[in-house]
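The sequence lines fix the lettering, A, B, ..., with proteins before strands; numbering per chain opens at 1.
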There are 2 protein chains.
Amino acid sequence: MNDATKPEKKPSRIQLRNRKRILDAALEVFSQHGYRGATLDQIADASGLSKPNILYYFDGKEAIHVTLLNTLMENWLDPLAKMSPDGDPLEEILAYIHRKLQMSREFPRESRLFANEILQGAPRMKPHLETGLKTLFDEKTALIQRWMDQGKLAPSDPRHLLFSIWATTQHYADFEEQVSILTDRETDPVGGAEQFLDNMFRKLLTPQQS
Amino acid sequence: MNDATKPEKKPSRIQLRNRKRILDAALEVFSQHGYRGATLDQIADASGLSKPNILYYFDGKEAIHVTLLNTLMENWLDPLAKMSPDGDPLEEILAYIHRKLQMSREFPRESRLFANEILQGAPRMKPHLETGLKTLFDEKTALIQRWMDQGKLAPSDPRHLLFSIWATTQHYADFEEQVSILTDRETDPVGGAEQFLDNMFRKLLTPQQS
DNA sequence: GCGATTCTGGACCATTTGGTAAAGCTGGTC
DNA sequence: GACCAGCTTTACCAAATGGTCCAGAATCGC
């Protein structure tokens with residue numbers, strides 16, 4: 001649970017509560033301004049704690065960001081990890097799309113935090129991407145390729161398929177401002193996206209029974 | 001050509017050269033770090049000019065950013081504006097996708113500058129979006145809707161169609177770092193994307209002759 | 001209830017950052 | 001080739017920012 005260098009006894013109630021407050025505030029601030037654009041003062045304000053107090057709980061600005069990124073990574077990979085070799089191929093992929101879209105709706109800040117990090121060259125996340133994400137990506141593209149080879153899905157490049165799914169689903173969180181303006185502040189653009197994307201990927205992936 | 005408030009005589013050769021240098025350097029820096037993360041010193045370094053000299057040519061950090069955003073906007077809308085009511089509907093849209101993809105390949109920094117701005121809530125661009133982009137968007141979604149009504153394209157929501165095109169094409173510039181890692185630093189991922197997206201949107205949009 | 005421990009915030013600090021003043025240099029024009 | 005507007009730089013600022021110190025306040029274990 002802890003890293004070997006620090007034995008660290010169990011965190012107290014207050015510790016737990018305040019760490020959570022800080023991380024929530026930091027998520028808000030980092031996701032909106034990016035790492036370098038965010039300030040400890042903003043995080044302090046948003047969390048309701050004083051700046052020195054924040055530094056009592058975390059080793060510094062970077063430590064907060066890293067913590068955020070680490071916990072994010074797991075939740076981020078989860079929907080893809082859940083895509084199972086055992087289900088119906090088309091339905092598995094459509095269900096995955098559904099989950100991703102759901103995350104855009106429920107956790108737009110997390111999506112933007114991630115987007116900010118990648119946009120800026122993933123300086124503090126490259127290792128994560130090269131191990132965790134890459135492994136999962138290779139595994140799932142291979143699975144999809146197998147499905148295609150078996151004629152259960154129409155053939156196309158599985159890598160670009162995943163890119164397209166990521167791009168289209170995360171778009172609604174990352175470019176929310178734009179989407180909101182262009183859809184005349186419609187209450188829930190993601191609802192319409194759901195139908196549209198289901199239709200699009202269904203047409204793309206349904207195999208021809210020639 | 002100039003705004004009415006400032007008559008301003010014609011800019012000199014040096015003026016032209018240095019403004020260009022500064023804007024190019026600023027594009028590099030802003031697109032990588034976002035507005036708040038970028039510093040004048042970085043821009044000074046990248047442009048080979050001193051910081052005060054930069055402030056001799058522009059009124060401040062914000063003025064540089066705004067200038068960049070303004071010139072970007074035109075080039076950004078251009079590919080969509082070129083989509084003509086007179087051509088073959090399917091081919092018009094596929095050509096548009098091709099143009100957008102080409103821009104991701106040729107101008108990734110511009111794409112990231114734009115992405116950064118929207119991600120952070122479009123603080124200095126909202127007016128632009130609400131006028132220029134919105135107008136064009138409405139015009140083109142209406143055009144696509146007409147094509148669909150005429151049975152020349154399979155029906156779907158034109159707004160989400162455009163969102164999907166933007167998302168999938170810009171993804172290769174904005175998330176280049178991730179794409180690069182996952183495709184094992186393949187020389188030109190956009191090449192593969194070209195085929196994939198052409199196929200995907202063709203399947204989506206080709207009308208059923210039932 | 002009380003001492004030990006954990007938590008909290010006001011004052012402070014060094015560095016960075018956007019920006020300015022003003023003196024010196026340059027290049028085009030007569 | 002001397003002048004002068006236009007360009008460039010050195011030396012600064014004031015504010016913002018990440019971070020520290022330390023004394024006092026809350027909380028916990030008993």
Side-chain angles (χ1 to χ4, degrees), chain A residues 2 6-69 116-117 120 123-124, chain B residues 2 6-69 116-117 120 123-124:
Chain A
N2 298 325
K6 280 187 176 180
E8 280 186 15
K9 45 188 70 172
K10 62 201 168 172
S12 75
R13 232 164 351 112
I14 295 178
Q15 197 135 165
L16 242 39
R17 170 173 55 86
N18 282 354
R19 286 183 99 95
K20 198 169 295 180
R21 276 191 192 173
I22 292 170
L23 287 176
D24 188 65
L27 175 59
E28 186 72 29
V29 175
F30 280 132
S31 68
Q32 194 168 110
H33 302 292
Y35 178 73
R36 298 201 49 194
T39 74
L40 283 180
D41 285 307
Q42 288 174 297
I43 297 174
D45 275 358
S47 67
L49 300 177
S50 68
K51 186 166 63 171
N53 206 6
I54 282 179
L55 293 169
Y56 172 78
Y57 288 103
F58 287 91
D59 278 343
K61 186 184 177 183
E62 179 146 10
I64 302 177
H65 196 242
V66 168
T67 303
L68 233 32
L69 249 30
N116 258 305
E117 177 69 9
Q120 317 202 344
R124 311 149 232 281
Chain B
N2 297 325
K6 279 190 177 179
E8 278 185 15
K9 45 188 70 173
K10 62 200 169 173
S12 75
R13 228 161 359 105
I14 295 179
Q15 197 135 165
L16 242 39
R17 169 172 56 85
N18 282 354
R19 284 183 101 93
K20 198 168 293 182
R21 277 192 193 173
I22 293 169
L23 288 175
D24 187 67
L27 174 59
E28 185 72 28
V29 175
F30 280 133
S31 68
Q32 193 167 110
H33 302 292
Y35 178 72
R36 298 201 49 194
T39 75
L40 283 180
D41 284 308
Q42 288 174 299
I43 297 174
D45 275 359
S47 67
L49 301 177
S50 68
K51 185 167 63 170
N53 207 6
I54 284 179
L55 292 169
Y56 172 78
Y57 288 103
F58 287 91
D59 277 343
K61 185 184 177 184
E62 179 146 10
I64 302 177
H65 197 241
V66 167
T67 302
L68 233 33
L69 249 29
N116 258 305
E117 177 68 9
Q120 316 202 346
R124 323 156 218 279

Engineer: Just by modelled atom types, is the A:Ala38 backbone N or O under 3.5 Å from a matching donor or acceptor in the B:Arg36 side chain?
Structural biologist: no
Engineer: Does OP1 or OP2 of D:dG6 have a side-chain N or O of B:Gln15 closer than 4.0 Å?
Structural biologist: no
Engineer: Please encode protein proximity along nucleotides 14-26 of chain D as a string of B, S and -, counting only heavy-atom distances under 4.0 Å.
Structural biologist: ---SBBBB-----
Engineer: Nearest whole angstrom, please: distance from the P of C:dT17 to the CG of B:Asp45.
Structural biologist: 11 Å
Engineer: So do B:Arg21 and B:Asn18 actually touch side chain to side chain, heavy atoms under 4.5 Å?
Structural biologist: yes
Engineer: Do A:Asp45 and A:Val29 have side-chain heavy atoms sitting under 4.5 Å apart?
Structural biologist: no
Engineer: Taking 4.0 Å as the cut-off, does a side-chain nitrogen or oxygen of A:Asn18 come that near to OP1 or OP2 on C:dT6?
Structural biologist: no
Engineer: D:dG6 phosphate, OP1 or OP2: any side-chain N/O from B:Tyr57 under 4.0 angstrom?
Structural biologist: no
Engineer: So do the side chains of A:Asn53 and A:Ile22 get within less than 4.5 Å of each other, counting heavy atoms only?
Structural biologist: no
Engineer: Determine: side-chain N/O of A:Tyr56 to OP1/OP2 of C:dC7, distance under 4.0 Å, yes or no.
Structural biologist: yes
Engineer: Phosphate oxygens OP1/OP2 of C:dT6: is one of them under 4.0 Å from a side-chain N or O of A:Arg13?
Structural biologist: no
Engineer: Could you check how far CZ of A:Arg19 sits from C1' of C:dT8, rounded to whole Å?
Structural biologist: 16 Å
Engineer: Check the phosphate of C:dG9 against A:Asn53, side-chain N and O only, distance under 4.0 Å to OP1 or OP2. Yes or no?
Structural biologist: yes
Engineer: Can you check whether A:Ser50 has a side-chain N or O nearer than 4.0 Å to OP1 or OP2 of C:dT8?
Structural biologist: no
Engineer: Distance check, rounded to the nearest 0.5 Å: B:Arg124 atom CZ versus B:Leu69 atom CG?
Structural biologist: 8.5 Å
Engineer: Which listed nucleotide (D:dC7, C:dG28, C:dT8) is nearest to the side chain of A:Ile14?
Structural biologist: C:dT8
Engineer: Grab the NE2-C1' distance between B:His33 and C:dT16 for me, whole Å please.
Structural biologist: 15 Å
Engineer: Please identify each residue that fulfils ring pair (Phe, Tyr, Trp, His ring centres under 6.0 Å) with A:His65, with sequence neighbours left out.
Structural biologist: A:Phe30, A:Tyr35
Engineer: Can you check the B:Ile54 CD1 to C:dT17 P distance for me, whole Å?
Structural biologist: 14 Å
